[in-house]
Amino acid sequence: MRQTGIYRSGIPHRERGDGERRGPGRIARPRPPAAGRALRLGVSALAAAALSGCGLTYTSPRVDPADDSLPVTVVALTAATVHVANRSAYTPRALPDAFRAVAGQGSLRGTGALPAAPEIPEVRHAALETRLPPDIAPGPYRIGVGDVVLLATRGSASTVEQLSGLLAAQSQRQGYTVRGDGAIAIPEVGAVKLAGMTVEEAEDKLFQVLVENRIDPSFSLEVAEFNSRRIAVGGAVGAPGLVPVTLQPPRLAEVLAAAGGLTAKDEEYAALRIYRDGALYQIPLATYFARPALHDTLLADGDAVYVDTTWDLDRAMTFYRQRLDAASLRSAARRDALEALETEIGLQRAALAERRTLFEARTALDAEARDYVYLAGEVRRQARVALPYGRQASLADVLYEQGGFDTTTGDPAEIYVLRASGGAGAVGEIVAYHLDAENVANIVIATRMQMRPNDVVFIEEQQITKWSRSLQQMFPAMLSAAAN
């Protein structure tokens with residue numbers, strides 16, 4: 001390389017003869033020709049020394065499998081090698097229990113036989129426990145307030161036709177609602193108390209009353225509408241509401257079918273919760289489907305069935321309020337008990353929020369243990385990337401979450417995942433999984449390559465980038481040498 005001129009402020013100054021100006025208002029002193037040649041030779045010698053790399057060599061980071069001091073094995077990333085790499089054991093860290101727990105461990109006070117507060121597990125991912133309700137002995141249906149009984153008589157020329165409310169035509173049928181005092185009112189006969197009786201006992205009672213009133217006792221009695229005994233059904237069902245208790249003892253499958261059937265999509269966390277006499281029972285939905293015998297679980301009047309698919313406290317409280325209204329809990333004392341329960345639940349929610357905030361603050365201060373992956377080389381930003389909680393992260397996740405890499409400086413054909421070998425007797429050995437993403441289709445492999453703690457993702461420079469950076473560092477050194 002031959003020096004043809006010295007650059008100052010970006011303007012080339014050629015060698016001038018005697019008397020020429022070298023700057024504004026200055027006349028250059030004459031320089032002997034031999035001295036000028038000596039200066040040019042000195043500058044050329046310094047440039048040659050710089051180009052020869054004496055103490056000015058640019059070192060580019062790279063993966064070197066030939067380095068004997070640190071054994072490195074380069075493995076090309078393919079579908080088969082990704083499968084082998086992903087077999088290394090790793091369980092992602094889980095979030096603290098405060099992020100899976102919900103408030104709701106309160107209890108009402110001063111409400112008599114009020115059912116206990118819904119029991120909601122603190123840890124969502126734990127297996128749901130099966131708590132079956134106690135067996136009940138089915139008994140005959142007993143008529144209650146609000147039921148509608150149907151009295152049917154046969155048409156005849158008897159004195160029964162004189163009862164305008166009983167007979168008007170052949171095979172007359174007349175319905176009577178059981179009043180609040182437990183009786184039905186039959187014209188020409190009066191009030192007959194039927195509440196608390198079975199259908200057979202009610203027939204005997206009516207037979208006796210008709211005989212006493214000298215009326216032909218040829219009749220039949222049946223319950224037309226069942227309104228006195230009900231079972232509340234809510235949650236993930238087609239039509240939440242109240243299902244009446246009929247002559248046949250109600251079974252769990254029949255009650256769910258009457259409410260429109262189950263609509264829960266996720267069996268893993270769904271459960272059938274049964275409230276009875278202040279106690280809570282639970283049947284996981286997966287267990288309910290696996291054991292057909294549970295479909296025949298007998299239910300009783302006053303039971304509440306809730307198909308719970310989440311640990312959402314607000315939904316459980318809504319259903320719980322409906323259950324309280326169904327039980328006619330309207331007194332001031334019971335309202336106070338509900339307010340106390342909400343206050344207790346609010347305190348528990350505040351405690352959970354405080355625990356979560358504390359965890360987030362500790363994480364921001366780097367006081368919580370985390371698993372990290374390190375980015376090096378020609379990435380957008382060399383950084384330490386935390387692996388996510390509760391799931392696996394892929395090579396593509398780590399790269400593109402940080403903005404990927406610049407293909408003008410980074411070589412897509414030279415992407416490496418450096419991982420310390422975990423095999424027996426392989427202490428200090430490193431496996432370099434090589435991804436050639438020059439063919440963009442190979443990025444699909446990056447989406448399948450799972451990251452492990454302390455992995456190092458390295459991207460090598462483009463060849464033109466190495467030359468450019470070498471020249472950027474070389475020219476200042478050459479000019480400095482020339483100036484000296």
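Val457 is not listed as a side-chain neighbour of Tyr374, based on a closest heavy-atom distance of 4.5 Å or more. Looking at heavy atoms from C-beta onward, Val243 lies out of side-chain contact with Pro250 at the 4.5 angstrom threshold. Side-chain contact between Thr447 and Tyr400: absent, with no pair of heavy atoms (C-beta onward) separated by less than 4.5 Å. Proximity of Met449 to Ser394: side-chain heavy atoms (C-beta onward) are nowhere separated by under 4.5 Å. For the pair Leu399/Ile459, a side-chain contact is recorded, criterion being any heavy-atom separation below 4.5 Å from C-beta on. In this structure, Leu395 and Met451 have side chains that are in contact, with non-hydrogen atoms separated by less than 4.5 Å. Residues Leu256 and Val307 have side chains in contact (heavy-atom distance under 4.5 Å, counting atoms from C-beta outward). At least one side-chain heavy atom of Leu132 sits under 4.5 Å from a side-chain heavy atom of Leu294.
Asn86 contributes a side-chain N or O that, together with a main-chain N or O of Gln450, makes up a donor-acceptor pair within less than 3.5 Å. In terms of modelled atom types and a separation under 3.5 Å, the side chain of Thr357 and the main chain of Ala353 share a donor-acceptor contact. Judged by distance alone, the side chain of Arg276 and the main-chain N or O of Asp303 form no donor-acceptor pair under 3.5 Å.
For Ala432, the side chain to side chain contact (heavy atoms under 4.5 Å, CB included) test picks out Val63, Val72, Val74, Tyr416, Leu418, with sequence neighbours left out. Partners of Thr91 according to the side-chain hydrogen bond (donor to acceptor under 3.5 Å, both in side chains) rule, which considers only residues two or more places apart in sequence or in another chain, do not exist here. Residues passing the side chain to side chain contact (heavy atoms under 4.5 Å, CB included) test with Ala413, sequence neighbours excluded: Asp411, Asp436, Glu438. Annotation: salt bridge (charged side-chain N to carboxylate O under 4.0 Å, His left out) contacts of Glu414 (sequence neighbours excluded): none. Taking the side-chain hydrogen bond (donor to acceptor under 3.5 Å, both in side chains) definition, one finds that Thr246 meets it with nothing, sequence neighbours left out. Among residues two or more places apart in sequence or in another chain, the ring-ring contact (aromatic ring centres under 6.0 Å, His included) test is passed with Phe405 by none. With sequence neighbours excluded, no residue forms a side-chain hydrogen bond (donor to acceptor under 3.5 Å, both in side chains) with Gln382. Applying the side-chain hydrogen bond (donor to acceptor under 3.5 Å, both in side chains) criterion to Tyr281, with sequence neighbours excluded, gives no partner residue.
Ionic pairing of Asp301 and Arg230 is not present here: no N-O contact between side-chain nitrogen and carboxylate oxygen is shorter than 4.0 angstrom. Using a cut-off of 4.0 Å between Lys/Arg side-chain N and Asp/Glu carboxylate O, Glu129 and Arg131 are scored as salt-bridged.
In summary, the side chains of Asp406 and Thr409 do not present any donor paired with an acceptor at a separation below 3.5 Å, with no hydrogens or angles considered.
Screening residues 283-300 for side-chain hydrogen bond (donor to acceptor under 3.5 Å, both in side chains), with sequence neighbours left out, gives no hits. Among residue pairs with one or both ends in residues 463-484, those qualifying as salt bridge (charged side-chain N to carboxylate O under 4.0 Å, His left out) are Glu378-Arg469, Glu460-Lys466, Glu461-Arg469; sequence neighbours excluded. Screening residues 70-80 for side-chain hydrogen bond (donor to acceptor under 3.5 Å, both in side chains) gives Thr78-Thr81 as the qualifying pairs, with residues at least two apart or on separate chains.
Taking each heavy atom of Arg251 and Leu298 in turn, the nearest pair found is NH1-CD2, 3.5 Å. Between Pro244 and Leu242, the closest heavy-atom pair is CD-O, 3.8 Å. Residues Arg419 and Ser88 share a closest heavy-atom pair of NH1-OG, 3.8 Å. Nearest heavy-atom pair across Gly146 and Asn227 is O-ND2, 2.8 Å. Residues Gln282 and Ala271 approach most closely at CG-CB, 4.1 Å, considering heavy atoms. Contact between Ile415 and Ala437 at its shortest, heavy atoms only, is CD1-CB, 4.0 Å.
Crowding of Asn439 atom CG: a count of heavy atoms from other residues, nucleotides or ligands under 6.0 Å exceeding 12.
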For residues 384-392, please give each side-chain donor-acceptor pair under 3.5 Å, one per line with the distance, not counting sequence neighbours.
unit_1: Arg384; atom_1: NH2; unit_2: Asp366; atom_2: OD2; d: 3.2
unit_1: Tyr389; atom_1: OH; unit_2: Arg370; atom_2: NE; d: 3.4
unit_1: Gln392; atom_1: OE1; unit_2: Arg452; atom_2: NH1; d: 3.3
unit_1: Gln392; atom_1: NE2; unit_2: Tyr90; atom_2: O; d: 3.4

- request: For side-chain contact (heavy atoms from CB on, under 4.5 Å), just list the numbers for Leu280 and Arg273, CA-CA rounded to whole Å, side-chain angles, deciding distance to a tenth of an Å, and then say yes or no.
  value: CA-CA 7 Å; Leu280 173 66; Arg273 292 190 168 88; 3.9 Å; yes
- request: For side-chain contact (heavy atoms from CB on, under 4.5 Å), just list the numbers for Arg355 and Leu352, CA-CA rounded to whole Å, side-chain angles, deciding distance to a tenth of an Å, and then say yes or no.
  value: CA-CA 5 Å; Arg355 289 166 57 191; Leu352 282 177; 3.6 Å; yes
task: Could you walk me through whether Val245 and Ile231 pass side-chain contact (heavy atoms from CB on, under 4.5 Å), step by step?
output: CA-CA 7 Å; Val245 177; Ile231 296 173; 3.9 Å; yes
Trace of the side-chain contact (heavy atoms from CB on, under 4.5 Å) decision for Phe359 with Leu95: CA-CA 9 Å; Phe359 173 80; Leu95 282 170; 4.2 Å; yes
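Here Phe226 and Tyr141 bring their ring centres to under 6.0 angstrom of each other.
Taking CG from Leu272 and CG from Asp308, the interatomic distance works out to 10.0 Å, rounded to the nearest 0.5 Å.
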